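All of these numbers come straight from a predicted model, not from anything done at the bench. The figures here come from the full heavy-atom set of this structure, side chains too, leaving out hydrogens, waters and symmetry mates. Order of the sequence lines fixes the chain letters, A, B, ..., with proteins taken first and strands second; residue numbering starts at 1 for each chain.
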Amino acid sequence: MPEMPEVEAVCRRIRPEVAGSIIRRARLLRPGTAAGPGAREMEAWLEGRRIGRVLRRGKNILLYLAGRPEPWRALHVHLRMTGNLEMAPDARMHAAAARMILEFDGRRALVFHDPRALGRVRLMTADQVRELSAAIGPEPLSPAFTAGRMTEAARRCRKAVKLFLLDQTRIAGIGNIYAAEILFAAGIHPGRRANRLSAARMEALHGAIRRTMAEAVRTAGAEYGEPGRWGEAEFALRVYGREGEPCGRCGARVKRVRQGGRSTYYCPGCQR
DNA sequence: CACAATACCTGCTAGC
DNA sequence: TGCTAGCAGGTATTGT
């Protein structure tokens, strides 16, 4: 489910409780959830560690763990489609979909919950964290993400612009919903080739990415008093999930097409 | 290399 | 009511 704005909201929500806490006990409740080396090994390394910073890069969550005497590591969490991280007041109280539990002092725990079990956790060395970050494109809300830099990336991509937006190596954090909303905001047809957009459209696309993602971060964050909800109620979706409904701007029926095996929604009147 | 298709999982719902 | 096909906000892997 979560795209960058929802992942950011998860980080903001758990950070005050998690940062500075010591992991008394780590439990991986499903073998496949731990990517790479064994789950038992990972649990053993985690126990007794203090969590430092809680950072996000694209859709990736990194919980930094003090090493001493060995070098620090980070617990990398990817929520994929249905994952979520939540604080539980009591580690014994968790749903069937709990995949990892990090128990802190006095029963408090951070629970990785993931019904569909596509999410992954992995212990990373400093080098692996650097590699991960280097493999991902710029954060859309960072100063580094300029119209110029985006245009350069797009010029090298012959795919449909919708698929360009979803490619994490080019821009970090955009997913299926916001890609559709961004293209609606920019007035660009999702099937246009990324490398063939005019300079004016590159500017429009860049602006739409920044505005849409900024708005989504605000709305996803605003809603986070309510655990388990993903911000869909606050952010006004104009095309996503609205197949057959009239476009709020021009009245044409919203269309759904398949791109890269996934649904794309767009307004044939507004997006050319 | 770039790109497309498929695999990975479970749960929900629209339609019969 | 009960079944099933189709779909779900992501990405690693495999194939062309």
Side-chain angles (χ1 to χ4, degrees), chain A residues 1-10 28-36 56-61 76-85 95-100 112-122 124 128 131-133 135-137 140 153-184 190-196 209 212-213 215-217 219-221 223-224 228-245 256-266:
Chain A
M1 307 232 272
E3 303 184 28
M4 177 277 267
E6 291 76 29
V7 177
E8 177 63 23
V10 166
L28 281 155
L29 305 178
R30 180 170 172 130
T33 296
R56 179 193 60 73
R57 178 78 174 88
K59 300 170 193 169
N60 303 274
I61 298 168
H76 170 230
V77 179
H78 201 298
L79 305 175
R80 297 273 181 98
M81 299 281 265
T82 55
N84 195 6
L85 284 173
R99 308 300 181 205
M100 178 184 71
F112 176 50
H113 186 264
D114 185 17
R116 223 168 131 183
L118 295 172
R120 292 291 179 269
V121 298
R122 171 138 91 119
M124 286 188 164
Q128 290 172 318
E131 282 165 28
L132 170 72
S133 190
I136 296 173
R155 293 267 182 249
R156 282 182 269 110
C157 179
R158 286 168 299 174
K159 289 187 289 191
V161 61
K162 159 80 181 317
L163 300 177
F164 166 71
L165 292 178
L166 289 180
D167 186 342
Q168 303 300 300
T169 69
R170 303 181 199 264
I171 307 170
I174 299 173
N176 204 38
I177 291 180
Y178 296 126
E181 297 299 316
I182 286 164
L183 290 169
F184 176 81
R192 290 218 174 243
R193 306 283 135 183
N195 60 345
R196 301 231 203 94
I209 290 169
T212 302
M213 296 311 271
E215 170 71 4
V217 166
T219 56
E223 209 172 335
Y224 261 65
R229 304 270 326 253
W230 286 109
E232 73 282 333
E234 287 275 351
F235 187 96
L237 298 173
R238 300 180 188 278
V239 286
Y240 185 84
R242 295 188 176 276
E243 182 182 15
E245 293 178 37
R256 177 162 73 109
V257 294
R258 207 149 261 286
Q259 284 184 295
R262 323 188 57 193
S263 289
T264 299
Y265 298 86
Y266 73 100

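At the heavy-atom level, A:Arg258 lies under 4.0 Å from the strands shown only through sugar-phosphate atoms. Among the atoms of the strands shown, only primed sugar atoms or phosphate atoms (P, OP1, OP2) are found under 4.0 Å from some heavy atom of A:Gly175. Residue contacts shown for A:Arg30 are limited to sugar-phosphate atoms, with no base heavy atom under 4.0 Å away.
The nearest pair of heavy atoms linking A:Arg57 to A:Ser133 is NE-OG, 2.8 Å. A:Gln259 approaches A:Ala160 most closely through the heavy-atom pair NE2-CB, 3.4 Å.
Regarding contacts with the backbone of B:dC3, a side-chain N or O of A:Arg170 is found under 4.0 angstrom from either OP1 or OP2. An OP1 or OP2 oxygen of C:dG10 is reached within less than 4.0 angstrom by no side-chain nitrogen or oxygen of A:Gln168. Between A:Lys159 and B:dA2, a side-chain N or O to OP1/OP2 separation shorter than 4.0 Å is absent. Residue A:Arg158 has no polar side-chain atom (N or O) positioned under 4.0 Å from OP1 or OP2 of B:dA4. Within the structure, every side-chain polar atom (N or O) of A:Ser263 is placed at least 4.0 Å from both OP1 and OP2 of C:dC7.
Remark: side-chain polar atoms of A:Arg56 are paired, donor with acceptor, to backbone N or O of A:Gly58 under 3.5 angstrom.
Rounded to an integer number of Å, the gap from CG of A:Leu118 to C1' of B:dT10 is 8 Å. The separation between A:Leu132 atom CG and C:dA12 atom P is 9 Å, rounded to whole Å. Distance, A:Leu166 CG to C:dA12 C1': 16 Å, rounded to whole Å. Atom-to-atom, CZ of A:Arg116 to P of C:dA8 comes out at 10 Å; the value is rounded to the nearest Å. In this structure, A:Asn60 atom CG and C:dA12 atom P are separated by 8 Å, rounded to whole Å. Atom NE2 in A:His78 sits roughly 11 Å away from atom C1' in C:dA12 (whole-Å rounding). In this structure, A:Gln259 atom CD and C:dG10 atom P are separated by 14 Å, rounded to whole Å. When the P atom of C:dT11 is taken as reference, atom CZ of A:Arg122 falls 15 Å away, rounded to whole Å.
Evaluation of atom-type donor-acceptor distances gives no pair under 3.5 Å for the side chain of A:Arg262 against the base of C:dA8.
With P as the reference atom, B:dA5 and C:dC7 are 16 Å apart, rounded to whole Å. Spacing between C:dC3 and B:dC9 at atom P, rounded to whole Å, works out to 26 Å. Between the P atoms of C:dT1 and B:dG11, the separation comes to 22 Å (whole Å).
Of the two residues near DNA chain B, A:Cys157 and A:Arg120, the one whose nearest nucleotide lies more 5' is A:Cys157. Of the residues near DNA chain B, A:Gly260 and A:Arg156, the one whose nearest nucleotide (by heavy atom distance) lies more toward the 5' end is A:Arg156.
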- Query: For DNA chain B, what dot-bracket results from Watson-Crick or G-U pairs at under 3.5 Å, with [ ] for crossers and | for inter-strand partners?
  - Reply: .|||||||.|||||||
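Among the nucleotides B:dA4, B:dG11, C:dG10, the one closest to the side chain of A:Leu163 is B:dA4. The side chain of A:Arg256 approaches C:dA8 more closely than any other nucleotide in the set C:dA8, C:dT11, B:dA4.
A salt bridge links A:Asp167 with A:Lys159; the closest basic N to acidic carboxylate O contact falls under 4.0 Å.
Side-chain contact annotation: A:Thr212 with A:Glu181, donor-acceptor N/O pair under 3.5 Å absent. In the model, A:Glu245 has no side-chain atom that pairs as donor or acceptor with a side-chain atom of A:Tyr265 under 3.5 Å.
Atom CE in A:Met124 sits 5.0 Å away from atom NE2 in A:His76 (nearest 0.5 Å).
Around the CZ atom of A:Arg196, the shell of radius 6.0 Å holds no more than 12 heavy atoms that belong to other residues, nucleotides or ligands. Within a 6.0 Å radius of CZ in A:Arg120, other residues, nucleotides and ligands contribute more than 12 heavy atoms.
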